[in-house]
Amino acid sequence: MTEAGRPADMARTFAQKALARAAGEVAVAVGEIVDARPDIALSHDNTAPIAEIWRQFGQDRVVIPERMAVTLDHAVPAPTVRHARNHAEVRAFVAEQGIGHFFEVGRGICHQVLSEEAIVLPGDLVLGSDSHTPHFGWLGAFGAGVGRSEMAVLWATGELWLRVPESIRIRLEGTLGEWVTTKDVALTLIGDLGADGALYRSVEFDGRAIAGLSLDSRAALVNMMAEMGAKNAYMAPDEDVFRYLAGRLLTRPGRRKSRGSEPGETSGKVADRLRERALYPDACAEYVAEHVLDLSSVQPRVACPHQVDDTVGVCELESVRIDQAFIGTCTNGRLEDLGAVHRVMAGRRAAPGTRMVIVPASSEVWNEALARGWVADLAAAGAVFGTPGCGPCMGNHLGVLAPGEVCISSANRNFQGRMGDRGAEIYLASPAVVAASAIAGRIVHPREVTE
Amino acid sequence: MNGPVKIGRPFRGRVFRYGDHVNTDVIFPGRYTYTKSRPEEVVPHALEDLDPTFAGRVRPGDVIVAGWNWGCGSSREQAAVCLRYAGVGAVIARSFGRIFYRNALNNGLLAIVCPEAVDALEEGAEVEVDLEGSAIRCGDIAYEFSPFSPAVRSMINAGGLIEQTRRRLAEG
């Protein structure tokens, strides 16, 4: 590429590299508008209304059925007849169009399921009619949310225009202290930079600390960047990510084939291919802002109603009584999160008058929690469990709030009215803080109930 | 304002003022997201959890004036659609959540970044929005905003993303 302003040898961000690949260009400049062809187009319960829009185009067939992934996750199992009809329409559409990847009620939340199924790989572009699509940055993919109309256009044409965003680099150093999680890291960043601190930007994490973070922890941090306004977020993928995906591709031969891998390949060979596909920003790439965060300086934090960037240290809150504690969502409903809850709650009991609702992010998480005996222990501690999916996160079902009620939640949004009545209040925190608060009946540091 | 927004067809309306970080949940609550999608279903719920009086008061051509990060949060398109079909011609803000911004323009709802207008315009003020001249007028004062790109202008003139795509596909 020799065009002025975009030489191929210029140092580039992850966003530039990922969108260049998706647009079939050698190099793209920040601010450039590209026609991108996503590797995966994701939709969920909103698939039926998108199909209704798509039918206005008069096509018989969508043009990218093999690249489409559909999950039923936002209101599952159907809580009302209207939801049930919506699900039925989604199933009919999926069957009619031969959609490549479909996951039924109970399999889990789209972002978690597509990760577990190794449908999204490093370097991919994922566009989803869901605002937490930046989630896939934990695998080194470029994920961005789009609207329903745009998803319908994608189905009809296979491409969509995207502006190449400016990027912010966040370098992570140090290690997390006891009872501190990447949810606290995310709330610290959002508290410092604001709910629009990354508006329109690609947030690109790097630094030595990443190697010390579990995969579940990485996903939670990248996922939360949606709450900072990010277009996409990214974490440099390492051998842990390649091994995770390679193991899953090996047990799914059809998928491996569709993604350019051969039958009979070893796990090492599949990991090699993933490594070759991964994209990394150049060392001298240009960032509009660069931040360094020492993880050892982070303390458990809580976002107060009704703003995600209105954060305080959990110890600064004075006796906030709660009616409900909720564990779940694409942010913090994974196995590590249930493990933290188990560590805090097993052998103890939720405070009288406090409801503990747990909705695992996927059936895989649920099955593993069952196998480890955590579900029985947590049920004995007073927890109730919902079907894997989004649960009460956006106020559809499985634990919505009455006027005046207070909930502490491991989710990502505390907007007014989000989980039910607009007179309810939502605090956001890590799973450990949520679990400790369920035991105490008020918002507390996990130390308070475990020592 | 009668019919969709077009270049060269200025429209007039009154200002409804709101604050910063107004999210898509209060613009169109999530509890309706998977059961209500059509214009006639969504309009009565416009701004339900922010200003329950809004849907009953808004008239065609009215504009919303807001602060930073209007429309942050969910990707739900009803947040733009409910305003558009309630008659709102434009949202004028300091900045927008990026998915809302795209959804709005795709549906012919102008999303205009114009901090000077946000500073000056008061609740209930009568304004004229002129897409051709890229200006918002109130009395004899004009607040200019950056013109929309040719691609966005042609999409708005075609009646929005869906109509534009439908025509393109029909033309082959």
Side-chain angles (χ1 to χ4, degrees), chain A residues 33 44-46 48-49 52-53 56-59 74-75 80 82-83 85-87 128-133 144-153 156-157 161 163 165 194-196 199-200 226-227 229-231 306-309 393-397 400 413 415-422, chain B residues 19-38 41-42 48-50 52 67-81 94-107 149 151-152 155 160-170:
Chain A
I33 305 286
H44 42 63
D45 300 39
N46 56 23
E52 196 173 319
I53 298 171
Q56 295 178 40
F57 298 140
Q59 287 182 330
H74 273 57
T80 69
R82 290 202 66 168
H83 286 92
R85 271 169 41 194
N86 180 55
H87 289 175
S129 52
D130 185 281
S131 58
H132 286 102
T133 310
V146 299
R148 293 178 178 183
S149 294
E150 296 186 313
M151 186 53 63
V153 170
T157 68
W161 70 267
R163 179 182 174 279
D196 53 359
L199 199 57
Y200 302 116
E227 308 314 317
K231 179 171 198 157
H306 304 285
Q307 270 290 128
V308 68
D309 57 3
C393 179
M394 82 298 303
N396 273 295
H397 65 159
V400 298
R413 291 192 173 136
F415 300 149
Q416 186 166 18
R418 171 84 177 172
M419 287 179 69
D421 191 83
R422 70 191 293 265
Chain B
D20 296 329
H21 302 294
V22 172
N23 63 74
T24 51
D25 272 83
V26 296
I27 299 172
F28 185 82
R31 55 187 174 271
Y32 308 130
T33 306
Y34 304 106
T35 53
K36 297 177 194 289
S37 296
R38 297 200 176 94
E41 295 173 320
V42 301
E48 184 168 296
D49 281 354
L50 178 69
W68 299 103
N69 205 20
W70 172 276
C72 58
S74 163
S75 65
R76 70 191 62 147
E77 195 158 320
Q78 295 104 315
V81 171
R94 294 186 199 279
S95 62
F96 289 90
R98 64 164 283 277
I99 306 177
F100 180 91
Y101 184 81
R102 291 178 71 116
N103 285 342
L105 294 175
N106 287 337
N107 283 282
S149 70
V152 168
M155 181 185 72
L161 177 68
I162 296 305
E163 183 56 21
Q164 182 191 44
T165 306
R166 198 185 62 73
R167 281 189 216 167
R168 272 188 194 159
L169 290 170

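Residue numbers start from 1 in every chain, and the chains themselves are labelled A, B, ... in the order their sequence lines are given, proteins ahead of strands.
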Novice: Mind ranking Gly417(A), Ser149(A), Gly147(A) by heavy-atom pairs under 4.5 Å with chain B and telling me who comes out on top?
Specialist: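 Top option by heavy-atom pairs under 4.5 Å: Ser149(A).
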Novice: Which of the residues Ala144(A), Gly145(A), Gly58(A) is involved in the greatest number of heavy-atom pairs with chain B at under 4.5 angstrom?
Specialist: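 Among Ala144(A), Gly145(A), Gly58(A), the one with the most close pairs to chain B is Gly145(A).
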Novice: Considering non-hydrogen atoms only, spot the tightest contact between Lys231(A) and Arg163(A) and give its length.
Specialist: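 Scanning both residues completely, I find the closest heavy atoms to be NZ-O, 2.6 Å.
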Novice: Given heavy-atom pairs under 4.5 angstrom as the criterion, report whether the side chain, backbone, both or neither of Asn86(A) touches chain B.
Specialist: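 Contact with chain B is through the side chain of Asn86(A) alone.
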Novice: So for Ala195(A), is it side chain, backbone, both, or neither that comes closer than 4.5 Å to the heavy atoms of chain B?
Specialist: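 When you check distances to chain B, atoms from both the backbone and side chain of Ala195(A) fall under 4.5 Å.
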Novice: Let me know if Glu227(A) has heavy atoms under 4.5 Å from chain B in its side chain, its backbone, both or neither.
Specialist: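 Looking at Glu227(A), nothing touches chain B.
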Novice: Given a strict heavy-atom distance threshold of 4.5 Å, which part of Arg76(B) is in contact with chain A: side chain, backbone, both, or neither?
Specialist: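 The side chain, not the backbone.
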Novice: Can you sort out the partners of Arg31(B) under side chain to side chain donor-acceptor pair (under 3.5 Å), two or more places apart, ordered by chain and number?
Specialist: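 Only Glu48(B), Asp49(B) meet the side chain to side chain donor-acceptor pair (under 3.5 Å) criterion with Arg31(B).
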Novice: Picking from Thr35(B), Thr24(B), Asn103(B), Asn106(B), which has the most non-hydrogen pairs under 4.5 angstrom with chain A?
Specialist: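 If we count pairs closer than 4.5 Å to chain A, Thr35(B) comes out on top.
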Novice: Would you mind checking which part of Arg167(B) comes under 4.5 Å of any heavy atom in chain A, side chain (CB onward), backbone (N, CA, C, O), both or neither?
Specialist: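 Contact with chain A is absent: no heavy atom of Arg167(B) under 4.5 Å.
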Novice: Is any side-chain heavy atom of Arg413(A) closer than 4.5 Å to one of His306(A)?
Specialist: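 When only atoms from C-beta onward are counted, Arg413(A) and His306(A) do not touch, as no gap falls below 4.5 Å.
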Novice: Side chain, backbone, both or neither: which part of Tyr101(B) has a heavy atom under 4.5 Å from chain A?
Specialist: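 Side chain of Tyr101(B) only, per the 4.5 Å heavy-atom cut-off to chain A.
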Novice: How far apart are the closest heavy atoms of Pro29(B) and Thr33(B), and which atoms are they?
Specialist: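 Result for this residue pair: O-OG1, 3.7 Å.
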Novice: Heavy-atom cut-off 4.5 Å, strictly under: side chain, backbone, both or neither for Thr157(A) against chain B?
Specialist: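 The side chain, not the backbone.
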Novice: Is Ile162(B) close to chain A through its backbone or its side chain, or both, or neither, when contacts mean heavy atoms under 4.5 Å?
Specialist: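 For Ile162(B), backbone and side chain are both near chain A.
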Novice: Using a cut-off of under 4.5 Å for heavy-atom pairs, which of His44(A), Glu52(A), Gln59(A), Glu150(A) has the most such pairs with chain B?
Specialist: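 The residue among His44(A), Glu52(A), Gln59(A), Glu150(A) with the greatest pair count is Glu150(A).
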Novice: Just so I know, are the side chains of Ile27(B) and Val22(B) near enough to count as touching, which here means a heavy-atom distance under 4.5 Å?
Specialist: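 Of all side-chain heavy-atom pairs linking Val22(B) with Ile27(B), at least one is under 4.5 Å.
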Novice: If I compare all heavy atoms of His21(B) with all of Asp309(A), which pair ends up nearest, and what's the gap?
Specialist: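 Smallest interatomic distance, heavy atoms only, reads NE2-OD2, 4.1 Å.
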Novice: If you look at every heavy atom in Phe57(A) and Ala156(A), which pair is closest and at what distance?
Specialist: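 Nearest pair, atom of Phe57(A) first, then Ala156(A): CD1-CB, 3.6 Å.
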Novice: Contact between His74(A) and His83(A) at the side-chain level, heavy atoms closer than 4.5 Å - yes or no?
Specialist: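 They are not in side-chain contact.
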Novice: Please identify, among Gly73(B), Cys72(B), Gly30(B), the residue contributing the most non-hydrogen atom pairs under 4.5 Å to chain A.
Specialist: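 The residue among Gly73(B), Cys72(B), Gly30(B) with the greatest pair count is Gly73(B).
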Novice: Test of understanding: with side-chain contact (heavy atoms from CB on, under 4.5 Å), list the residues that count as partners of His397(A), not counting sequence neighbours.
Specialist: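 Partners of His397(A) under the side-chain contact (heavy atoms from CB on, under 4.5 Å) test: Ala75(A), Pro79(A).
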Novice: Which atoms of Arg418(A) are under 4.5 Å from chain B, going by heavy atoms: the side chain, the backbone, both sets, or neither?
Specialist: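 Its backbone and side chain both get close to chain B.
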Novice: Side chain, backbone, both or neither: which part of Ser149(B) has a non-hydrogen atom closer than 4.5 Å to chain A?
Specialist: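 When you check distances to chain A, no heavy atom of Ser149(B) falls under 4.5 Å.
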Novice: Do you know the tightest heavy-atom contact between Trp68(B) and Arg94(B)?
Specialist: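 Scanning both residues, the minimum pair turns out to be CE2-CD, 3.4 Å.
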